[in-house]
Amino acid sequence: MSRDITALSKKMIFALHRAIQANSSNPNYKEADQRQKEIIALFRKLAGDIQGLHYHRYSRSFSGGFEEFIEAIAFYHFLIHKTVITKEQVDGYFKDEQGQMWVPVKTEDYILGLADFTGELMRYAIHVVSTGKYDQAMVICKLLRKIDLDFDIIATSYMPQLSKKLGALKGSIRKVEQACYTFQIRGSEYPKEMYLTIIKNHQDQYEQEQNS
């Protein structure tokens with residue numbers, strides 16, 4: 001069931017990217033919304049098997065599903081609100097009408113999910129630059145730098161397992177910086193179509209790395 005949640009979460013992320021690329025000014029998130037409903041339905045089934053001590057006993061088996069889903073909803077939240085989703089907002093996906101949690105979300109899963117979310121931010125930022133929206137991409141770049149700084153502190157003092165993801169985060173920052181610098185510096189030297197092509201190549205390279 002956790003594998004199904006992970007797979008559907010990836011499909012939700014891809015649906016969000018497709019919606020943006022199809023119409024960045026007014027994206028249609030209908031497919032992503034449907035995937036989210038399917039994922040929540042799976043979590044409700046999972047909840048029956050991980051009550052009480054079973055939650056901690058089997059947490060390693062389903063943490064991956066939680067992290068992938070948090071990555072997906074964090075990206076969706078950013079696209080809508082332009083802010084990083086909070087732990088309380090993530091918890092809201094798992095509360096009933098009375099406000100009671102029907103399955104808890106570990107802080108560790110929330111943080112690790114956010115770490116993966118930074119990869120989607122990078123991918124989105126490069127797309128934004130390729131459409132000529134440099135200022136918006138720089139906002140994302142600054143956010144990635146802030147997350148990197150916070151995660152360095154968390155990894156050192158609280159979650160050493162987060163260190164494994166910091167390399168990818170720093171790589172994401174470098175990719176966004178390179179795209180932004182290409183736009184800002186090279187843009188005055190070449191026609192618009194040329195430097196946008198250069199930036200688009202960064203995005204294509206990232207796609208190849210993801211699929212390899």
Side-chain angles (χ1 to χ4, degrees), residues 2 5-6 9-10 12-14 16-17 20 32 36 39 43 55-56 59-94 101 103-129 133-182 202-203 205-207 209-212:
S2 181
I5 290 171
T6 298
S9 297
K10 290 182 182 295
M12 179 179 170
I13 292 170
F14 294 150
L16 291 169
H17 281 295
I20 298 164
Q36 182 174 296
I39 296 166
F43 269 118
Y55 183 92
H56 302 284
S59 63
R60 290 187 178 181
S61 299
F62 59 77
S63 285
F66 269 100
E67 290 176 27
E68 197 72 35
F69 179 62
I70 291 168
E71 177 184 354
I73 59 175
F75 185 40
Y76 198 178
H77 182 91
F78 181 83
L79 293 176
I80 301 298
H81 303 287
K82 305 305 179 186
T83 59
V84 177
I85 194 169
T86 65
K87 174 63 163 58
E88 289 74 20
Q89 289 168 328
V90 171
D91 288 344
Y93 285 84
F94 302 96
M101 296 282 293
V103 63
V105 180
K106 292 189 300 182
T107 300
E108 290 84 352
D109 290 340
Y110 164 70
I111 293 174
L112 293 173
L114 282 189
D116 293 333
F117 151 70
T118 58
E120 304 311 324
L121 264 188
M122 177 271 290
R123 188 179 179 188
Y124 175 56
I126 292 178
H127 167 73
V128 167
V129 177
K133 299 176 182 177
Y134 168 79
D135 292 340
Q136 186 177 347
M138 278 303 302
V139 169
I140 298 173
C141 187
K142 291 176 182 177
L143 175 59
L144 285 171
R145 290 170 177 166
K146 184 179 186 305
I147 293 174
D148 180 48
L149 180 62
D150 291 342
F151 278 10
D152 271 332
I153 297 172
I154 293 173
T156 302
S157 60
Y158 177 61
M159 284 182 61
Q161 65 268 39
L162 180 60
S163 301
K164 298 178 181 179
K165 296 181 181 287
L166 291 183
L169 171 54
K170 296 181 188 302
S172 293
I173 294 173
R174 287 194 296 272
K175 288 183 175 70
V176 176
E177 288 175 341
Q178 185 177 12
C180 288
Y181 294 158
T182 299
H202 291 310
Q203 187 177 24
Q205 181 180 357
Y206 172 75
E207 297 287 350
E209 290 174 357
Q210 287 292 96
N211 295 326
S212 62

Tell me the closest heavy-atom pair linking Val128 and Ala137, and the distance in Å. CG1-N, 3.8 Å
Could you check if a side-chain atom of Lys165 sits within less than 4.5 angstrom of a side-chain atom of Asp116, using non-hydrogen atoms only? yes
Nearest heavy-atom neighbours spanning Ser163 and Ala155: OG-CB, 3.6 Å
So how far is it from Phe66 CZ to Leu112 CG, rounded to the nearest 0.5 Å? 13.0 Å
If I compare all heavy atoms of Leu162 with all of Ala115, which pair ends up nearest, and what's the gap? CD1-CB, 3.9 Å
Tell me, do Ile73 and Gln89 make a side-chain contact under 4.5 Å, heavy atoms counted? no
Return the CD1 to OG1 distance between Ile39 and Thr6, rounded to the nearest 0.5 Å. 9.0 Å
In terms of heavy-atom contacts, Ser2 and Phe62 come closest through OG-CA, 3.3 Å
Do Lys87 and Ile111 come close enough that some side-chain heavy atom pair is under 4.5 Å? no
Is the shortest heavy-atom distance from the side chain of Glu71 to the side chain of Ser9 under 4.5 Å? no
Derivation of the side-chain contact (heavy atoms from CB on, under 4.5 Å) call for Glu108 and Gln161: CA-CA 9 Å; Glu108 290 84 352; Gln161 65 268 39; 4.1 Å; yes
Would you indicate whether the side-chain heavy atoms of Gln36 and Tyr76 approach each other to under 4.5 Å? yes
Applying side-chain contact (heavy atoms from CB on, under 4.5 Å) to Ile147 and Leu169, what does each step give before you reach the verdict? CA-CA 9 Å; Ile147 293 174; Leu169 171 54; 4.3 Å; yes
Return the minimal non-hydrogen interatomic distance between Ala32 and Met12, and the atom names on each side. O-CG, 3.9 Å
Roughly how far apart are Tyr110 OH and Ile85 CD1, rounded to 0.5 Å? 7.5 Å
Any Glu120 side-chain heavy atom under 4.5 Å of Leu79 side chain: no
Would Lys170 and Asp152 count as a side-chain contact (heavy atoms from CB on, under 4.5 Å) if you check the C-alpha gap in whole Å, the side-chain angles of each, and the deciding distance to 0.1 Å? CA-CA 11 Å; Lys170 296 181 188 302; Asp152 271 332; 3.3 Å; yes
Verify whether the ring centers belonging to Phe69 and Phe43 lie closer than 6.0 Å. yes
For the pair Gln136 and Tyr124, evaluate side chain to side chain donor-acceptor pair (under 3.5 Å) and give the outcome as yes or no after the intermediate values. CA-CA 10 Å; Gln136 186 177 347; Tyr124 175 56; 3.1 Å; yes
Spacing of CG belonging to Leu149 relative to CG belonging to Leu144, to within rounding of 0.5 Å: 12.5 Å
Is Ile70 close to Val105 at the side-chain level, that is, under 4.5 Å between some pair of heavy atoms? yes
Quick one: pull up CD in Glu177 and CE in Met122 and give me the separation to the nearest 0.5 Å. 12.0 Å
Heavy-atom nearest pair, Ile126 first then Ala179, reads CG1-CB, 4.3 Å
Assess whether atom NZ of Lys164 is packed by more than 12 heavy atoms of other residues, nucleotides or ligands within 6.0 Å. no
Atom pair OG1 (Thr156) and CZ (Phe151), whose distance is rounded to the nearest 0.5 Å: 12.5 Å
